[in-house]
Amino acid sequence: PPASQRGPTDIVPGPLPRASMGLGAAACAGGVNPRLPVVASGNPSVVGAGFGRDLSRGADAGLGGMTHGASASSSAVPNDASMSRPAERSAAVSLAAGSLAGALQTVFWHPLDVLKTRLQVQDVRTLHTPQYQSLRHAVRSMAQSEGLRGFMQGVCPNILGGALGWGMQMPLYGALKKAYAARHVGTRTPVCGDLLCSLTSSGFTTLVVHPIFLVKTRLQLQASADALDRYRGPSHATMVIIREEGVLGLYRGFGPSILLSSHGAVLLVAYDQFKALCSSTLAASSLAKITASAATYPLQVVRSVMQQRPAEGHPPIPQGIGTTVVAMWRSAGVLAFYRGLSAQMLRTVPQAVAFFQFYELIAERLSRLGDSAPMASGTSTE
């Protein structure tokens, strides 16, 4: 409506985005924050989780409202209660999509995770893991001595950790980005702000899931089927670790894990940035994973070495990051920090692509199911 007839809830029409510009860039170019709906008066509310397609959907909804603002009536604009529902639904969608995507991508690439973990500890400790000369030799040796079961060691805690970790990190990251945007209304969230939100969500998630992945690592590293002290499963491994090493034993290698939370932080922020440059989920997730892996892989090796099971009659496992790094350097120099890199790249790049593809697909389907509720109740903005 004309400015003289405009009500407090009417949508202010804004400039249409140019076809050559990204959605967020076009909104910013027009003076519009892509995370916020534009209103004539009152406090704007943050919409969307601020991650990947959730952010795009939230921005798209805002631009759609501006496009159709000339024909929309004030009764078609959702009230505060109805606008709070998409935010809640977005967190639930992120939780469900992150958990399902994390579990699915973990199952498919778990055998390569076992190979990577065993190769990481070569020439440092030989308690429960045989020596392998190469990735090909490791595959052949495991197939002959352990069969398929050897490649699936630790799969249950890995699925649990993947589902729980991504299920926590994705909605938490989105919530932190929303909170950050709410404190900086009218400005575009900088990359450093996204990185801070991602580091916080990654660190908190690591604190929760670290014991699960320690049990996973212990199960992956035991290769002898007839060992008397063999872990019989995740529950038995957890009880034995607590009995032999105390509760703190579940947090062996926690220092490198906290530092490695930067991997997830870099991954999410890099995905956001690459996705803004290209619309392809395949390209964005591949480039993001390669970037994050290249920057943080040595920390993964250090953590795997520290998480090995101690045993009598063998040199003690290094307790600190510094002593572990020194021992690894003395054993093989800089190459010691990149053992298993080939298995890691073969696993993690396709795994990241699969995760983000699963996540985007599941989130889109769940969001479509949720979007039918406001339309049925007459609160649609169309």
Side-chain angles (χ1 to χ4, degrees), residues 51-53 97-122 132 134-136 138-139 142 151-152 154-155 158-159 161-163 165-167 169-170 173 194-195 198 201-202 205-206 209 213 216-217 220 256-257 259-304 334-335 337-363:
F51 175 79
R53 189 168 298 176
S99 298
L100 290 174
L104 289 173
Q105 55 95 15
T106 298
V107 173
F108 292 148
W109 279 273
H110 182 79
L112 282 172
D113 187 53
V114 176
L115 289 166
K116 178 266 300 182
T117 303
R118 292 193 180 186
L119 289 170
Q120 284 178 340
V121 301
Q122 296 293 293
Y132 303 121
S134 64
L135 175 60
R136 180 181 298 179
V139 173
M142 290 179 60
F151 291 96
M152 301 305 293
V155 66
N158 202 15
I159 293 174
W166 284 113
Q169 187 168 349
M170 299 301 283
Y173 175 51
D194 289 344
L195 184 60
S198 188
S201 62
S202 296
T205 302
T206 298
V209 302
F213 285 116
K216 183 265 301 185
T217 300
Q220 289 177 336
S257 287
L259 296 177
L260 269 172
S261 64
S262 61
H263 176 87
V266 172
L267 176 63
L268 293 183
V269 175
Y271 179 76
D272 269 347
Q273 300 303 313
F274 285 123
K275 195 66 182 295
L277 297 175
C278 58
S279 59
S280 171
T281 302
L282 173 63
S285 55
S286 298
L287 292 172
K289 189 61 178 183
I290 291 173
T291 301
S293 296
T296 61
Y297 184 74
L299 288 171
Q300 297 186 40
V301 182
V302 173
R303 180 182 62 181
S304 293
V334 68
L335 294 179
F337 298 92
Y338 288 92
R339 294 188 184 278
L341 182 60
S342 56
Q344 174 76 348
M345 286 300 182
L346 286 173
R347 178 182 69 90
T348 57
V349 175
Q351 190 176 30
V353 172
F355 170 78
F356 285 111
Q357 292 280 11
F358 286 143
Y359 178 85
E360 299 282 9
L361 178 62
I362 295 171

Please report the shortest heavy-atom distance between [X] and [Y], naming the atom on each side.
X: Ser201; Y: Thr205; value: O-OG1, 2.8 Å
X: Ser286; Y: Val353; value: OG-CG2, 3.2 Å
X: Ser304; Y: Val121; value: O-CG1, 3.8 Å
X: Thr281; Y: Tyr271; value: CG2-OH, 3.5 Å
X: Thr106; Y: Ile159; value: CG2-N, 3.7 Å

What is the distance from atom [atom1] of [X] to atom [atom2] of [Y], rounded to the nearest 0.5 Å?
X: Ser99; Y: Tyr359; atom1: OG; atom2: OH; answer: 10.5 Å
X: Ile362; Y: Leu100; atom1: CD1; atom2: CG; answer: 4.5 Å
X: Leu287; Y: Phe274; atom1: CG; atom2: CZ; answer: 5.0 Å
X: Leu119; Y: Ser342; atom1: CG; atom2: OG; answer: 7.0 Å

### Query
In terms of side-chain geometry, is the basic nitrogen of Asp113 or Lys116 positioned less than 4.0 Å from the acidic oxygen of its partner?
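Yes, Asp113 and Lys116 are salt-bridged.
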
### Query
Taking atom types as modelled and ignoring hydrogens, do the side chains of Ser202 and Gln169 form a donor-acceptor contact shorter than 3.5 angstrom?
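The answer is yes; a qualifying pair exists.
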
### Query
Does the side chain of Lys216 pick up a donor-acceptor pair with the side chain of His110 at under 3.5 Å?
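His110 and Lys216 do not have a side-chain donor-acceptor pair below 3.5 Å.
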
Could you tell me whether a side-chain N or O of [X] sits under 3.5 Å from a main-chain N or O of [Y], the two making a donor and an acceptor?
X: His263; Y: Thr296; result: no
X: Arg118; Y: Gln220; result: yes
X: Ser280; Y: Ala283; result: yes
X: Tyr297; Y: Arg339; result: yes
X: Ser198; Y: Ala265; result: yes

Mind checking whether [X] and [Y] have side chains closer than 4.5 Å, heavy atoms only?
X: Met345; Y: Ser293; value: yes
X: Tyr132; Y: Leu115; value: no
X: Asn158; Y: Phe213; value: yes
X: Trp109; Y: Val349; value: no
X: Leu346; Y: Leu135; value: yes
X: Leu335; Y: Tyr338; value: no
X: Phe151; Y: Val139; value: yes

### Query
Which is it for Val114 and Met152 under the side chain to side chain contact (heavy atoms under 4.5 Å, CB included) test, yes or no, and what are the steps along the way?
CA-CA 7 Å; Val114 176; Met152 301 305 293; over 6 Å; no

### Query
Which is it for Phe355 and Ser285 under the side chain to side chain contact (heavy atoms under 4.5 Å, CB included) test, yes or no, and what are the steps along the way?
CA-CA 9 Å; Phe355 170 78; Ser285 55; over 6 Å; no

### Task
Using the side chain to side chain contact (heavy atoms under 4.5 Å, CB included) rule, take Thr206 and Leu260 through it: C-alpha gap first, then chi angles, then the decisive distance, then the call.
CA-CA 9 Å; Thr206 298; Leu260 269 172; over 6 Å; no

### Aromatic plane relationship, Trp166 with Phe356 - under 30° parallel, 30 to 60° tilted, over 60° perpendicular
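If you compare the ring of Phe356 with that of Trp166, the planes turn out perpendicular.
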
### Task
Could you check Gln351 against Phe108 for side chain to side chain contact (heavy atoms under 4.5 Å, CB included), going step by step and ending with a plain yes or no?
CA-CA 8 Å; Gln351 190 176 30; Phe108 292 148; over 6 Å; no

